[in-house]
Number of protein chains: 2
Amino acid sequence: MSESTAVARGRRTSRPRGDERERAILDTAERLLGERSYADVSVDDLARGAGLSRPTFYFYFPSKEAVLLALLDRVVAEARARRDEAVTAPAPGVEDRWRHVIGAIAQPFRSHLAVTLAAAEARATSAAVREVWNGVMERFVAETAAEIEAERARGHAPDGPPARDLAVALNWMNERVLHSAFAGERPGLAADDAVEVLLTVWLRTIYGARTP
Amino acid sequence: MSESTAVARGRRTSRPRGDERERAILDTAERLLGERSYADVSVDDLARGAGLSRPTFYFYFPSKEAVLLALLDRVVAEARARRDEAVTAPAPGVEDRWRHVIGAIAQPFRSHLAVTLAAAEARATSAAVREVWNGVMERFVAETAAEIEAERARGHAPDGPPARDLAVALNWMNERVLHSAFAGERPGLAADDAVEVLLTVWLRTIYGARTP
DNA sequence: CGAGTCTGTCAACAGGGTGTCGACGCAGCG
DNA sequence: CGCTGCGTCGACACCCTGTTGACAGACTCG
């Protein structure tokens, strides 16, 4: 897991060639995934798109899945970074804080729509993708749970089910609702409205009422 | 869409044979899907499991997908029926009513776990499965929205975002959380706790507080 | 400066899946 | 009794994946 960053191919005295082609594959993948589904993009498409033969593709990546994982890693890392930013940034109030956290996570997935949708599709069959994805969710859940507990400790949020259980429900909700909004699924929310609706559910669930 | 029921194969003077084999394929599918993933079950497995050759399988079903749709139709129909029951059944209070509705929908999907997980997997690639699934969700959402509006009209539920938007978020949440609970994904809730946690989110979201 | 080694490349193959075609047997029916 | 059509399957065409083995060019080190 977390291939891409781990693939620090050793000494590269004067061989920019390899990196270029790896890049070309990655770029081709993101482009093609914008046009058709993950299942409909073959290794051959990726190779040809990057100007090489299929066997040569396998020199750079062990599979189509690995390409997606590399792409996904970048998006996931960005989402994590944005969330951290939003959490530490000063906010005028509790409501705005949560709004920014939810929006910060959503933003990278929205702007890399092709990768997001491909990952959601591949997750159904690829254990590796599922692992990365659930790892991200796990972290969001743990952080959310801690934040809810802090609010309860401060006396701002009422008691109720275990904070972690609520965090699980809320984070999975966000994942599913944002996915359906981004993919234009029906039933679904408009992508621009989604964060505000989700925020309402979060606030009411955590604080027992919209205005804590 | 909705193949199975529509496949009322015409006059069958004395040919119970065909129905038996169709049944055998369906049974084999549900059994095999309990053992491995949808992707790992081939048409050949289905055919052999039902005691026929691959080409003969195609006499009964146009594809593996069609078999899953037939299986899914039954589960979906049951979920719809259970929900209708729960809605009309007398309930001691508002909270119990919602609890029974959520639980009623969850139950058939839980007891036909293999089909549920296979459908979730296939939805990623099959437009037909997605259509059936989203059709079910659409109906649940519409009904939920109407129920929320009724509660608002009665003065029991506070105003807020459009009822339909909340209904979309809540129903997708249930779908995703129940799926992860049933599949044993992490992060996830214990299958037995899930309904109660979801109920809390529903009540707080709809009524603004746990106890309306 | 030439032998060795490493990166990069691809034609050809093996294997497994899907869906189709054409032949064939075996009912019931006129 | 011979026709019609359901049910059946062997064999085929096709597409996709991942591997093998041979080979070219460049750097590198004695």
Side-chain angles (χ1 to χ4, degrees), chain A residues 3 7-26 28-29 32-33 35-70 118 121-122 124-129, chain B residues 3 7-26 28-29 32-33 35-70 118 121-122 124-129:
Chain A
E3 324 270 347
V7 179
R9 219 181 320 306
R11 87 258 66 107
R12 170 160 341 291
T13 43
S14 57
R15 212 182 316 299
R17 195 81 175 153
D19 279 1
E20 266 172 39
R21 309 222 127 164
E22 194 172 317
R23 258 279 167 69
I25 292 174
L26 255 9
T28 303
L32 258 30
L33 288 175
E35 296 168 8
R36 28 201 160 105
S37 76
Y38 176 73
D40 288 344
V41 174
S42 71
V43 171
D44 201 70
D45 295 333
L46 259 22
R48 295 211 173 286
L52 357 97
S53 72
R54 214 160 50 74
T56 302
F57 165 93
Y58 286 104
F59 179 83
Y60 293 99
F61 292 94
S63 62
K64 182 171 81 163
E65 181 192 53
V67 176
L68 177 58
L69 284 170
E121 179 185 339
T125 44
S126 156
V129 171
Chain B
E3 325 268 347
V7 178
R9 215 178 326 301
R11 88 257 68 102
R12 169 162 338 292
T13 43
S14 57
R15 212 181 315 299
R17 195 78 177 155
D19 278 1
E20 265 172 42
R21 308 222 129 166
E22 195 173 316
R23 258 278 167 72
I25 292 174
L26 256 9
T28 303
L32 257 30
L33 288 174
E35 295 168 8
R36 29 199 159 111
S37 76
Y38 176 73
D40 288 343
V41 173
S42 70
V43 170
D44 202 70
D45 295 332
L46 258 24
R48 296 211 172 285
L52 3 93
S53 72
R54 213 160 51 75
T56 303
F57 165 93
Y58 286 103
F59 179 82
Y60 293 99
F61 292 95
S63 63
K64 183 171 79 163
E65 183 192 50
V67 175
L68 177 59
L69 284 170
E121 180 185 339
T125 44
S126 156
V129 171

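Chain letters run A, B, ... following the sequence lines, proteins first, then strands; residues in each count from 1. As the structure is a computational prediction, the values presented were derived from the model and not from experiment.
In this structure, the CD1 atom of Ile25(B) is 12 Å from the P atom of dG7(D), given to the nearest Å. What separates CZ of Phe59(B) from P of dG19(C) is a distance of 17 Å, to the nearest Å. The nearest whole Å value for the distance from the CG atom in Leu52(B) to the P atom in dC6(D) is 17 Å. If you measure from atom CZ of Arg48(B) to atom P of dT18(C), you get 12 Å, rounded to the nearest angstrom. Between the C1' atom of dG18(D) and the CG atom of Leu46(A) lies a distance of 15 Å, rounded to the nearest Å. Rounded to a whole Å, the CZ atom of Phe61(B) is 17 Å from the C1' atom of dT18(C). Summarising the geometry, the separation between CZ on Phe57(B) and P on dT20(C) is reported as 12 Å, rounded to the nearest angstrom.
No donor-acceptor distance shorter than 3.5 angstrom exists from the side chain of Asp40(B) to the backbone of Ser37(B), with no hydrogens or angles considered. In this structure, the side chain of Lys64(A) engages the main chain of Val41(A) through a donor-acceptor pair within 3.5 Å.
Closest contact between the side chain of Pro55(B) and the listed nucleotides dG8(C), dC21(C), dC6(D) involves dC21(C). In the set dG19(C), dT17(D), dT8(D), the nucleotide with an atom closest to the side chain of Tyr58(A) is dT17(D).
Open room surrounds CZ on Arg48(B); 12 or fewer heavy atoms of other groups in view lie less than 6.0 Å from it.
Taking side-chain N and O atoms only, Ser53(B) has a distance below 4.0 Å to OP1 or OP2 of dC9(D). When the side-chain nitrogen and oxygen atoms of Tyr60(B) are compared with OP1 and OP2 of dT8(D), one or more of them lie within a distance under 4.0 Å.
In this structure, the separation between CG on Leu26(B) and CZ on Phe61(B) is 4.5 Å, given to the nearest 0.5 Å. In this structure, CG on Leu68(A) lies 9.5 Å from OG on Ser63(A), to the nearest 0.5 angstrom. Distance CZ/Phe59(A) to CG/Leu52(A): 11.0 Å, rounded to 0.5 Å.
The stretch residues 38-45 of chain A touches DNA chain D through Ser42(A), Val43(A), each having a heavy atom under 4.0 angstrom from the strand.
Scanning atom types as modelled, one donor and one acceptor separated by under 3.5 angstrom connect the side chain of Arg54(B) and the base of dG19(C).
Between Arg23(B) and Asp19(B) there is no salt bridge, since no side-chain nitrogen of the basic residue lies less than 4.0 Å from a carboxylate oxygen of the acidic one.
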